[in-house]
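Please read the structure below before turning to the comments.
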Amino acid sequence: MVDAVRTRVKVRRVDRLRRVNLRAPGVLGLCAVLAAALWFALRSDDVPAPPLDAVPAKPTPAPVPLTARERSEATERTAAKAAAEATSPPATERRVVRGTIVAVDSRGVEHPQTNGTMDLDLVLASADGSDSGRVETVPTTVTAGRWEASIPVATVTLAVNDVVLDERRCACDEAPTLSADDAPIALRARWFDPLRLRVVGSDTRADLTEIRVVQVADWELTGCTHPGNHGATPVLDHAVSPLTLPNDGSADTQSFRVHSPGYAWGAVDLSTAETGERELRLVPGGDLDVTILGTAPEGAVLRVRAAEQDSPTGEFRLSRALLRIDGLPVGRWLLTVEKGRWFQNPLQLGKATVEVARGAITPATITLSEPAERPPMVQVQGTLTIDPAWGDDVSFRLEPMKEVCAWDEADVVFASDALTKIGEGRYRWGPRKALAGRYGVVVEVAGYRSIVHVGPHPTTDLDIVVPPPNEVRLRLVDAMTRAPIAHASPSWYFQPPEGWDKGWSHREIAETGDGWYRFLSPAGRIGINVEPEGYAWTMESRDVKPGPNEIEVSVKRVCGVEIVLKDGDVIVPWPISGESDIENVVTKTGVAYWSGGKIAAKEAGEHTLTIGSIDGYEPIPPRKVVIPEGEWTKVEIALRRKR
């Protein structure tokens, strides 16, 4: 089974601009920042302050102060911009541009008299007048809805970023046009309404106090309910419910981890477009004092899991022999000390099971096994035998397996130009340094994988032999009509050998235009993956034999259920740890694949739909759902708050 890790990536788009990241190391960087600060101070005397509007300002909503995190980020951005401008000084010829900016709230009400700041990001022209790609950022003050800035005459395009008006972040999606007659530029920005959250105890229904709120940016830990003891960014501390949380508008939802003394950490996803108040109910919890007996290698971590759970509930660095873990839900927990990433089959160095009691500090002890030592560095070299019919790219790589990957994740790569040809289809490679242990051999051009052992002797000689290619013709047909399916973009992979603990990628299959797809594969077991538009995702295993092969795969029209959670009239985002399942009443087949609350069925018919617990709401009883062939069935679930 292919390892899969969902990665949440936060992307900030800056249209029409290409940013340049300039770093000023050491003393030179400090000098650059000081020089930039002096330059800004001198320039500020030359630029007149924007005129104030005599019209009284209209009332605005209560401001939401920037958090400490946001103020820190703003300070870092200012320093970085100053360093960049000191390294790349602006053009000598400048012009003044001015204009207005109106903030619009979620109700569509305009606020023209706001105060704040924004950045004008400029792309400058080269000597011939074309876009040079050089970027300059001009911090600009907004006073009573008016702004003014001095920019280089060579400015080609202009964009507005990092807008803060009346201490509230907002976005300006407009592309201002520079005119030759210096006409005022009118801008509009969207205010991000603050997120409102009521935090109550699940047992008392009373608002909680002394609340901590953090956010986790590390994509490897975003599925953890507990933020652990590293990588979390504070948002609020010593807060009292109900909470007002910052909304940066960078995604459809923002995730928070919330804790109050006597309760367990809870996770909540808040829709950035929803202005209503949400409620999070924290369950009673307790703390742990974990004692580590033995010496843990550098980089080892303590992970907390519920029974039969692969992903951790929390991850903790081992900074000392006694480790305090706060706010775990009452119940039984598995504690493990591990080396390596949790999704890469890490080395387990010790474990313990503990029962967390409500409102108590429970002791737990983990005794580590014999000290885990880094494998010795040895020399590896050898030959590669590969049929020329595979093509000219004869590169390959050694991917460290479990016991090596825990110490060094880097692949040992041998590019084509690093191989010496010693005969037809024969190459000499190495020597290279590598940690002793098991490695996976990946010859990408053939999709070939095998396992080799490096060491423990000072030098290891390996002879890697890639099986010859075999032609495979693939035909995809509609399961009902038997009509061929074109433009389906199928892919295939060579099934790794037993003991393979790495992931693997699929290779695309070319369409021949005559109703068939064609590719080359080694003899052996392969997997074929296909998901044409309007069809269900299909994965089938087939055997490739020496010589020509023809394979036909039937693909069913997609069908399944789309779950919509509702609290009254408000749609509740699918929770991070949400679980759901379907099972065909007759055939007992289940889920083909899923994404959040959208579940594809393996076949049509009547199914039993079950949904796991949703924090703060009553259990959802199973229900029968009829899934027609080739259709998505929307199922609305009316949630009932716990009493």
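Partner Arg324 forms a side chain to side chain contact (heavy atoms under 4.5 Å, CB included) with one of Leu288, Asp289, Val290 and no other, that one being Asp289.
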| request: Start with the C-alpha gap between Asn529 and Trp537, add the side-chain angles, then the distance that decides, and say whether side chain to side chain donor-acceptor pair (under 3.5 Å) holds. | output: CA-CA 8 Å; Asn529 173 75; Trp537 174 69; 2.3 Å; yes

| task | Please step through side chain to side chain donor-acceptor pair (under 3.5 Å) for the pair Trp574 and Asp269, ending with a clear verdict. | result | CA-CA 8 Å; Trp574 189 259; Asp269 289 342; over 6 Å; no

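Under the 4.5 Å side-chain criterion, counting only non-hydrogen atoms from C-beta, Ile526 is in contact with Phe494. Counting only heavy atoms from C-beta outward, the side chains of Asp581 and Val591 approach each other to under 4.5 Å. Between Val394 and Val445 there is no side-chain heavy-atom pair separated by less than 4.5 Å. The closest side-chain heavy-atom distance from Val404 to Val454 is not below 4.5 Å. Under the 4.5 Å side-chain criterion, counting only non-hydrogen atoms from C-beta, Ser311 is not in contact with Phe343. Trp407 is listed as a side-chain neighbour of Pro297, based on a closest heavy-atom distance under 4.5 Å. Between Arg507 and Ser521, every side-chain heavy-atom pair lies at or beyond the 4.5 Å cut-off. With a 4.5 Å cut-off on side-chain heavy atoms, Pro573 and Arg278 count as touching.
In this structure, the side chain of Asp237 does not engage the main chain of Arg212 through any donor-acceptor pair within 3.5 Å. Looking only at distances, no side-chain donor or acceptor of Arg449 sits under 3.5 Å from a matching main-chain atom of Gln495. Formation of a donor-acceptor pair under 3.5 Å by the Gln215 side chain with backbone atoms of Ser255 is found in this model. His457 contributes no side-chain N or O that, together with a main-chain N or O of Val378, makes up a donor-acceptor pair within less than 3.5 Å. Of the possible donor and acceptor atoms, none in the side chain of Tyr439 sits under 3.5 Å from a partner among the backbone N and O of Val412. Formation of a donor-acceptor pair under 3.5 Å by the Glu403 side chain with backbone atoms of Arg438 is found in this model. Thr367 places no side-chain N or O within donor-acceptor distance of the main-chain N or O of Thr365, the cut-off being under 3.5 Å. Remark: side-chain polar atoms of Trp429 are paired, donor with acceptor, to backbone N or O of Thr383 under 3.5 angstrom. The closest donor-acceptor contact from the side chain of Arg257 to the backbone of Cys224 lies under 3.5 Å. Using a distance-only test at 3.5 Å, with no hydrogens or angles considered, no donor-acceptor pair links the side chain of Ser369 to the main chain of Gly350.
Between Asp463 and Arg426 there is a salt bridge, with a side-chain nitrogen of the basic residue lying less than 4.0 Å from a carboxylate oxygen of the acidic one. A salt bridge links Arg397 to Asp411: one of the charged nitrogens lies within less than 4.0 Å of a carboxylate oxygen.
Shown here for Pro329 and Val283, the closest heavy-atom pair between the two residues is CB-CG2, 4.1 Å. Closest approach of Trp492 and Leu520 over heavy atoms only: CZ2-O, 3.1 Å. The two residues Ser271 and Thr253 have their closest heavy-atom pair at CA-CG2, 4.1 Å.
In this structure, Lys402 places its NZ atom where more than 12 heavy-atom neighbours from other residues, nucleotides or ligands lie under 6.0 Å away. Atom CD of Glu444 has more than 12 heavy atoms from other residues, nucleotides or ligands within 6.0 Å. Other residues, nucleotides and ligands place no more than 12 heavy atoms under 6.0 Å from the NZ atom of Lys545.
With ring centers used as reference points, Trp390 lies 6.0 Å or more from Tyr448.
Cation-pi check for Arg432 over Phe414 is met; the charged atom lies under 6.0 angstrom from the ring centroid and within 45 degrees of its normal.
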